[in-house]
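In what follows, chains are A, B, ... by sequence order, proteins preceding strands, each numbered from 1.
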Amino acid sequence: MTVHIYNSQTKQKEVFKPIQAPHVGMYVCGITVYDYCHIGHARVMVCFDMIVRHLRSRGYDVKYVRNITDIDDKIIQRAIENGESTQTLTERFIKAMHEDEAALNVLRPDVEPKATEYITQITDMVQTLVDKGFAYAAANGDVYFRVEKFADYGKLSGKRIEELQSGARVDVNEQKESPLDFVLWKASKPDEPHWSSPWGEGRPGWHIECSAMSKHTIGEHLDIHGGGHDLQFPHHENEIAQSECAHGHTYVNTWMHVGFVNVNNEKMSKSLGNFFTIRDVLKSYPAEVIRFFLLSSHYRNPLNYTTENLDNARAALRRLYGALDGVKLVTPAANLVSQWTDAYNAVMDDDFNTPQAFAVLFDLATEVNKAKATKDQYLAGQLAQLLVSLGNQLGILTSEPSAFLQGGIATDGLSEADIQAKIEARLAAKKAKDFTQADSIRNELKSAGIEILDTPQGTTWRRI
RNA sequence: GGCCGGAUGGUAGAGUGGUUAUACACUUGAUUGCAAAUCAAUGAAUCUCGGUUCGAUUCCGGGUCCGGCCUCCA
């Protein structure tokens with residue numbers, strides 16, 4: 001009955017207790033918009049979409065905020081390379097991101113704040129930190145956070161200040177008092193986008209935007225804060241430092257981090273160059289298959305990107321749609337609803353265990369198929385409706401079964417009318433007991449990627 | 001070097017101190033003109049060495065291997 005969530009900070013599953021139930025404030029770090037989203041980005045989007053959907057289905061009134069970083073070094077650099085303004089660059093990729101998300105059936109967050117729209121709130125927070133002695137302006141106009149002033153620094157990532165210092169993989173920068181200090185406000189170079197501030201013309205550092213935007217969209221104290229696993233340090237650690245020093249109290253109750261998408265057991269990332277963009281993969285696989293694939297392992301575990309795994313996701317989805325195919329949906333009886341939704345909720349309440357949720361769907365599909373076989377169409381219709389409803393909670397099973405099964409990626413060049421004509425011809429041959437001819441037509445279609453199924457309801461087809 | 005996570009059947013991927021995950025693939029039976037789909041049955045795994053325990057894949061410790069963070073990264 002209660003939702004349990006794994007908290008990255010305490011490293012254990014905890015009972016989820018919102019600060020002001022049923023309201024839940026959830027902030028997720030979105031992407032920096034200077035390029036197309038890849039499958040790793042897609043995983044974060046889809047996972048938190050799944051999480052919001054489930055929390056809402058459990059009665060929580062979630063305010064879901066996911067930011068857009070639309071100003072930073074890479075954006076500036078890319079805009080210069082392209083000979084365009086940062087604004088036209090970011091607008092283009094924000095649009096692309098929204099298209100990709102829509103394809104993957106990701107619901108839009110309630111608020112998508114952009115860093116450039118919160119400059120005042122950002123400089124206000126920097127000023128507070130300066131006033132309280134947690135930050136200082138350097139000679140060049142940069143403002144830095146004084147890490148050693150925050151005793152709890154490292155509590156999220158399990159790092160210790162002393163060890164970080166000896167690690168010494170930090171930039172040497174004579175503007176900083178300490179190498180660990182991080183930038184809150186960056187003085188702008190000529191030609192760079194800039195905003196005025198008490199410390200001169202400049203732009204926000206990366207970490208501060210999330211502290212400021214979460215405060216102004218949700219509040220100073222968040223129920224859930226999430227993002228990709230790589231953001232745990234330093235980004236989220238720095239957010240904690242900024243927010244807790246500025247506000248004087250706890251910033252986040254539950255930290256959630258989504259595991260990486262790997263390629264050959266290595267993290268998919270821009271810098272390694274081993275990434276696949278969402279829109280590229282969409283050319284080869286239906287969006288629903290990608291979504292299923294992304295949810296097929298637990299959100300915290302690594303997920304290996306391979307065509308084999310995508311093919312497997314497609315095959316699994318075909319089984320579910322195969323069960324739904326040809327069944328007329330009817331409202332399920334209350335006892336059936338509770339039996340199956342209880343099973344579903346039990347595993348989803350346990351830290352959003354989507355692989356087990358899928359197992360429930362497959363069990364349900366088996367029951368649908370059994371009911372179909374025993375000609376109990378009413379039972380089949382009820383179970384199928386449950387399967388659709390639960391699948392929809394995960395953002396899948398949103399297509400017409402026949403559309404999904406016949407959709408595929410068409411390479412055969414046959415129109416539906418062509419296929420239908422062949423099926424008619426084969427049926428005629430069958431009726432005439434000319435099985436050689438019938439089989440020859442079926443084989444012909446099969447080599448074109450079309451599979452014929454003779455069912456009690458008649459002959460149907462699907463793409464292999 | 002510091003910190004963290006992981007090793008499960010052919011593949012993917014969960015749970016569990018003793019009892020079926022689930023999916024794909026494989027085998028057999030039913031069904032079918034033959035198929036496909038479906039149902040049924042079967043086969044198939046818990047990295048290694050110790051410890052705790054009546055009993056460990058599960059808990060604890062060592063080892064090996066893999067990955068991540070410590071610099072921008074979802």
Query raised in the report: In dot-bracket form, how is RNA chain B paired, counting a Watson-Crick or G-U wobble pair only if both its distances are under 3.5 Å and using | for bases paired to another strand?
Result: (((((((..(((.....[...)))..((((.......)))).....(((((..]....))))))))))))....
Between [atom2] of [N] and [atom1] of [X], the distance in whole Å:
X        : N     : atom1 : atom2 : value
A:Asn353 : B:A14 : CG    : P     : 7 Å
A:Gln406 : B:A37 : CD    : C1'   : 14 Å
A:Asn309 : B:G10 : CG    : P     : 16 Å
A:Glu444 : B:C34 : CD    : P     : 23 Å
A:Trp340 : B:U22 : CH2   : C1'   : 12 Å
A:Asn304 : B:G68 : CG    : C1'   : 14 Å
A:Leu453 : B:C39 : CG    : P     : 14 Å
A:Lys186 : B:C72 : NZ    : C1'   : 10 Å

Query raised in the report: Ring centres of A:Phe93 and A:Tyr34 under 6.0 Å apart?
Result: no
Requested in this report: Could you tell me if the ring centre of A:His38 sits under 6.0 Å from that of A:Phe276?
Outcome: no
At 4.0 Å (heavy atoms only), tell me whether [X] reaches a base, stays on the sugar-phosphate, or touches nothing.
X        : value
A:His38  : base
A:Gly259 : base
A:Val261 : base
A:Ser269 : base
A:Ile31  : sugar-phosphate
A:Thr455 : nothing
A:Met45  : nothing

Quick one: which of [options] gets closest to the side chain of [X]?
X        : options             : answer
A:Val44  : B:C69, B:G68, B:A74 : B:A74
A:Lys267 : B:G68, B:A12, B:U22 : B:G68
A:Glu451 : B:A36, B:A40, B:C4  : B:A36
A:Asn369 : B:A21, B:U38, B:A74 : B:U38

Quick one, [X] and [Y] - any side-chain contact, counting heavy atoms below 4.5 Å?
X        : Y        : result
A:Glu244 : A:Ile240 : yes
A:Asn345 : A:His54  : yes
A:Val347 : A:Phe352 : no

Report task. Count the heavy atoms of every other residue, nucleotide or ligand shown that sit under 6.0 Å from CD of A:Glu177, and state whether that count exceeds 12. Result -> yes
Query - Heavy-atom donor-acceptor pair, A:Thr366 side chain to A:Phe362 backbone, under 3.5 Å - result: yes
Query raised in the report: Are the side chain of A:Tyr27 and the backbone of A:Val252 linked by a donor-acceptor contact shorter than 3.5 Å?
Result: no
Report task. Report yes or no: is there a donor-acceptor pair, N or O only, under 3.5 Å between the side chain of A:Lys11 and the base of B:C4? Result -> no
Query - A:Lys370 (side chain) and B:C39 (base): donor-acceptor pair under 3.5 Å - result: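 No such pair is found, so the answer is no.
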Query raised in the report: Side-chain donor-acceptor pair under 3.5 Å between A:Ser389 and A:Gln385, yes or no?
Result: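 There is such a pair (donor and acceptor under 3.5 Å, judged by atom type) between the side chains of A:Ser389 and A:Gln385.
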Query - Between A:Asn7 and A:Gln12, a side-chain donor and acceptor under 3.5 Å - result: no
Between [N] and [M], how many Å separate the two [atom1] atoms, rounded to a whole number?
N     : M     : atom1 : result
B:U8  : B:U20 : C1'   : 16 Å
B:C47 : B:U58 : P     : 8 Å
B:A25 : B:A37 : P     : 8 Å
B:A14 : B:G6  : C1'   : 15 Å
B:G9  : B:C26 : C1'   : 12 Å
B:A40 : B:C24 : P     : 12 Å

Query raised in the report: Pick the nucleotide of RNA chain B nearest each of A:Gln356 and A:Asp363; which residue has the one closer to the 5' end?
Result: A:Gln356
Query raised in the report: Which residue, A:Gly158 or A:Val258, contacts RNA chain B at a nucleotide closer to its 5' end, judged by nearest heavy atom?
Result: A:Gly158
Query - Phosphate-side-chain proximity, A:Asn265 and B:G67, N/O vs OP1/OP2 below 4.0 Å - result: no
Query - OP1 or OP2 of B:A14 under 4.0 Å from side-chain N/O of A:Asn301 - result: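 The answer is yes; a side-chain N or O of A:Asn301 sits under 4.0 Å from OP1 or OP2.
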Query - Test applied, side chain to side chain donor-acceptor pair (under 3.5 Å); reference residue, A:Lys186; option that passes from A:Asp72, A:Asp142, A:Asp73 - result: A:Asp73
Query raised in the report: Using a cut-off of 4.0 Å between protein heavy atoms and nucleotide atoms, how would you tag nucleotides 24-33 of chain B 5' to 3' with B, S and -?
Result: S--------B
Between the protein and nucleotides 17-20 of chain B, which nitrogen or oxygen pairs are less than 3.5 angstrom apart?
none

Query raised in the report: With A:Asp100, which residues qualify under salt bridge (charged side-chain N to carboxylate O under 4.0 Å, His left out), at least two apart?
Result: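 Testing A:Asp100 for salt bridge (charged side-chain N to carboxylate O under 4.0 Å, His left out), a comparison that skips the adjacent residues, returns A:Arg279.
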Query raised in the report: Considering residues at least two apart in sequence or located in another chain, which fulfil the salt bridge (charged side-chain N to carboxylate O under 4.0 Å, His left out) criterion with A:Glu112?
Result: A:Arg66, A:Arg108
Query - Spacing of CZ belonging to A:Arg300 relative to CG belonging to A:Asp351, to within rounding of 0.5 Å - result: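 Going from the CZ atom of A:Arg300 to the CG atom of A:Asp351 covers 4.5 Å.
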Query raised in the report: Once the angle between the rings of A:His235 and A:His207 is folded into 0 to 90°, is it parallel (under 30°), tilted (30 to 60°) or perpendicular (over 60°)?
Result: tilted
Query raised in the report: In terms of the angle between their ring planes, are A:Tyr305 and A:Phe293 parallel, tilted or perpendicular, with boundaries placed at 30° and 60°?
Result: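 It falls in the perpendicular class, over 60°.
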Report task. Can you sort out which residues in residues 231-239 of chain A have a heavy atom within less than 4.0 Å of RNA chain B? Ascending by number, please. Result ->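 Nucleic-acid contacts, sorted: A:Leu231, A:Phe233.
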Requested in this report: Apply the test salt bridge (charged side-chain N to carboxylate O under 4.0 Å, His left out) to residues A:Arg291 and A:Glu288: give CA-CA distance (whole Å), side-chain angles for both, the deciding distance (0.1 Å), then the verdict.
Outcome: CA-CA 5 Å; A:Arg291 183 171 174 111; A:Glu288 197 170 349; over 6 Å; no
